[in-house]
There are 2 protein chains.
Amino acid sequence: MSTVLVVDDEPRIRKALQVNLVARGYTVSLAATGEEALRSAREEPPDLVLLDLGLPGISGVDVIEGLRGWTEVPIIVLSVREQESDKVAALDAGADDYVTKPFGMDELMARLRAALRRGGADGPDPVVRTGHFELDLGAKRATVGDEEIRLTPIEWGLAEQLVRHPGRLVAQRTLLHEVWGPQYDRETNYLRVHIANLRRKLEPEPSRPRYFITEPGMGYRFEPDH
Amino acid sequence: MSTVLVVDDEPRIRKALQVNLVARGYTVSLAATGEEALRSAREEPPDLVLLDLGLPGISGVDVIEGLRGWTEVPIIVLSVREQESDKVAALDAGADDYVTKPFGMDELMARLRAALRRGGADGPDPVVRTGHFELDLGAKRATVGDEEIRLTPIEWGLAEQLVRHPGRLVAQRTLLHEVWGPQYDRETNYLRVHIANLRRKLEPEPSRPRYFITEPGMGYRFEPDH
DNA sequence: GGGGGCCGTAAAGAACGCGTCAACGGTGCG
DNA sequence: CGCACCGTTGACGCGTTCTTTACGGCCCCC
């Protein structure tokens, strides 16, 4: 899921936004000042910035300009100021949207989805990288080293299910349901065969699995690097 | 300068928006109903849509969905409704921004600039070039070497869908929906025939595809050079 | 030490998906 | 009216993928 950088000097608002965002599955970074925000964004580029205008220190518009110097990450401005001139200044500085407090959380989340949707249009796909192979889930491409590997639909289904829950056990029944359909429950032989094929294509040593681990009697697990 | 499609049933508001937009150098198209808006957008694609929600006939959300079926043009919704659920519905349907009436003209213009800026920033080049052929998506012209190639409407639809997502897998169902319509789901034989025709016209060696790649069981992929 | 699960591997045939071709019917235009 | 073009449809061959079965190894528990 996406990462959202929340910039606000009031701890209560930061907390409220954080809670709401995390509850919806976003990863959240926090910053209390403009300087912090710029540093955080540089070190760990977020997918979206929620920016309060009334910051101590450097102004919100400066933060917008500081971000726009090197990134096109969507910026949604939050502010108590209703003055049109403030809105115009922030939007023309490069903000994508401007929401006045108090705001409804549902509306803010909808605006956030809208901003992310746009950014996601030609943004990079969710890519899973390991030391040996790489899976581009959006484009459905798999590469090991420099060469492209073809996965069959079933192999994609298995890889996707496992990779989407890194480090976690995925039950055999879950895999069968998601890949073959709900009427498949006990065909674990399918899993054995196709997991073997997947390993043959993606593992450095197929007979000694390092990424797609068997949990006997239970299921399989994708183990990312370190 | 950019073209803005203004959709509102009240002549006075249409006029007011038109005047303000023209004064700022935009070209303006007008529509009084949702049907008109969809037709106008199709015949003469605008760079931005200003859409009033309170339309007679088909609803504003329907207009948004109708547009989003084939274009990513920025849509700014104007509405008297302050209800959060209305905003959420419009934004999640694909609108880019939501402004409640009465609004300040300066703010609206700033939001419009923000939306256009985004659209321009990641606006894809309407011309796709490969080592062997060239597609001008705007002008609907295809050339191989020096000579012009005629593509049928279906071939254009397929080529456009694929080329608009370079390197990405486009699912069979997606192609069928976008080119033939949502009621087509399993007619993969259509795809086989028409993709073959497309390759015959655009591929250097139609029997050994280099640009329009088949991903068995899943879909097709446009592979750009290098 | 023996036995039963459970797993990985291999190999077979069956089923599927794809590309190709040819024929048919509709439509627009000269 | 006839022609050209386009989309639809069905049939066929081919390669790939999936299913199915069989066998051998490993581990744990009895």
Side-chain angles (χ1 to χ4, degrees), chain A residues 140 142 148-162 169-173 175-181 183-223, chain B residues 140 142 148-159 161-162 169-181 183-223:
Chain A
K140 289 257 192 304
E148 185 150 350
I149 298 290
R150 297 205 134 185
L151 300 185
T152 71
I154 285 188
E155 285 156 12
W156 264 113
L158 290 173
E160 239 179 288
Q161 282 298 317
L162 291 170
L169 171 76
V170 183
Q172 295 170 341
R173 203 178 303 166
L175 287 171
L176 286 169
H177 284 182
E178 295 294 328
V179 178
W180 277 270
Q183 63 271 36
Y184 291 79
D185 257 332
R186 268 170 254 287
E187 287 80 351
T188 59
N189 48 326
Y190 290 14
L191 291 178
R192 295 208 299 274
V193 171
H194 290 284
I195 289 282
N197 292 336
L198 190 59
R199 295 209 255 239
R200 212 166 287 140
K201 293 184 180 179
L202 294 184
E203 288 277 2
E205 291 179 81
S207 57
R208 302 186 150 212
R210 173 175 163 193
Y211 297 106
F212 297 103
I213 311 296
T214 304
E215 296 287 355
M218 307 173 63
Y220 293 86
R221 186 161 48 86
F222 169 66
E223 187 72 34
Chain B
K140 291 253 189 295
E148 183 157 350
I149 299 289
R150 282 174 35 99
L151 298 184
T152 71
I154 285 190
E155 285 156 11
W156 262 114
L158 291 173
Q161 281 299 317
L162 291 170
L169 173 80
V170 183
Q172 297 167 342
R173 205 175 301 165
T174 306
L175 287 171
L176 287 168
H177 284 182
E178 295 296 327
V179 178
W180 277 270
Q183 65 271 35
Y184 291 79
D185 256 333
R186 269 169 250 286
E187 286 81 351
T188 59
N189 47 325
Y190 290 15
L191 292 178
R192 295 210 297 274
V193 173
H194 291 284
I195 289 281
N197 292 337
L198 190 60
R199 295 211 255 239
R200 213 165 286 140
K201 293 184 180 178
L202 294 184
E203 288 277 2
E205 291 179 79
S207 57
R208 313 183 79 195
R210 172 176 163 191
Y211 297 108
F212 298 102
I213 310 295
T214 304
E215 295 286 354
M218 303 195 288
Y220 293 85
R221 181 201 307 283
F222 169 65
E223 189 73 36

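So you know, we letter chains A, B, ... as the sequences are listed, proteins then strands, and number each from 1.
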Of the listed D:dG7, C:dG17, C:dC7, the closest approach to the B:His194 side chain comes from D:dG7
**Prompt:** Are side-chain heavy atoms of A:Arg199 and A:Thr214 found at a separation under 4.5 Å?
**Reply:** yes
Rounded to whole Å, CD1 of A:Ile149 lies from P of D:dT17 at a distance of 12 Å
Whole-Å distance, A:Ile195 CD1 to C:dC7 C1', equals 12 Å
Is there a side-chain contact (heavy atoms from CB on, under 4.5 Å) between A:Leu151 and B:Met218? Walk through the geometry before answering.
CA-CA 10 Å; A:Leu151 300 185; B:Met218 303 195 288; over 6 Å; no
So what does A:Arg200 touch, heavy atoms closer than 4.0 Å: a base, only the sugar-phosphate, or nothing?
-> sugar-phosphate
Taking every heavy atom of B:Arg221 against every heavy atom of B:Leu169, the minimum-distance pair comes out as NH1-N, 3.5 Å
A:Trp156 CH2 to D:dT17 C1', in whole Å, measures 17 Å
From CZ of A:Arg173 across to P of C:dC6 the rounded distance in Å is 13 Å
Think B:Gln172 has a side-chain N or O under 4.0 angstrom from the OP1 or OP2 of C:dC18? yes
Of the candidates C:dC18, C:dG8, D:dC18, the side chain of B:Thr214 sits closest to C:dC18
Atom CG of A:Leu198 and atom C1' of C:dT9 are separated, to the nearest Å, by 15 Å
Rounded to whole Å, CG of B:Leu158 lies from C1' of D:dG7 at a distance of 12 Å
Worksheet item: Looking across every strand, which nucleic acid part, if any, lies under 4.0 Å from B:Ser207 by heavy atom: base, sugar-phosphate, or nothing?
Response: sugar-phosphate
Practice problem: Say whether, by atom type as modelled, one donor and one acceptor occur between the side chain of B:Glu203 and the main chain of B:Tyr211 under 3.5 angstrom. | Solution: yes
| Heavy atoms, side chains only, cut-off 4.5 Å: are B:Glu215 and A:Lys140 in contact? | no
inquiry  = Under 4.0 Å, heavy atoms only, any strand: does A:Tyr184 hit a base, just the sugar-phosphate, or nothing?
reply    = nothing
Taken to the nearest whole Å, CD/B:Glu215 to P/D:dG15 is 20 Å
Ring pair (Phe, Tyr, Trp, His ring centres under 6.0 Å) filter on A:Phe212, not counting sequence neighbours, yields A:Phe133, A:Phe222
For this session: Give a yes/no on whether any side-chain N or O of A:Trp180 is located under 4.0 angstrom from OP1 or OP2 of D:dC18.
Result: no
(message) Using a heavy-atom cut-off of 4.0 Å across all strands, would you classify B:Ile154 as base, sugar-phosphate, or nothing?
(response) sugar-phosphate
Only distances under 3.5 Å count here; give the side-chain donor-acceptor pairs of residues 186-194 of chain B to other protein atoms, sequence neighbours excluded, each with its distance to 0.1 Å.
{"residue": "B:Glu187", "atom": "OE1", "partner": "B:Asp185", "partner atom": "N", "Å": "3.1"}

B:Asn197 CG to D:dC6 C1', in whole Å, measures 9 Å
Assert: residue with more 5' nearest nucleotide on DNA chain D, out of B:Pro216 and B:Leu151, is B:Leu151
Pick base, sugar-phosphate or nothing for A:Arg208, based on heavy-atom distances below 4.0 Å to the nucleic acid. nothing
For nucleotides 20-25 of chain D, 5' to 3', base contacts (B), sugar-phosphate-only contacts (S) and non-contacts (-) with protein non-hydrogen atoms under 4.0 Å give BB----
Check your understanding: Does a side-chain N or O from A:Thr152 land closer than 4.0 Å to OP1 or OP2 of D:dC18, or not?
Key -> yes
With a 4.5 Å cut-off on side-chain heavy atoms, are B:Pro216 and A:Arg150 touching?
yes
So B:Glu155, base contact, sugar-phosphate only, or nothing? Heavy-atom distance under 4.0 Å. nothing
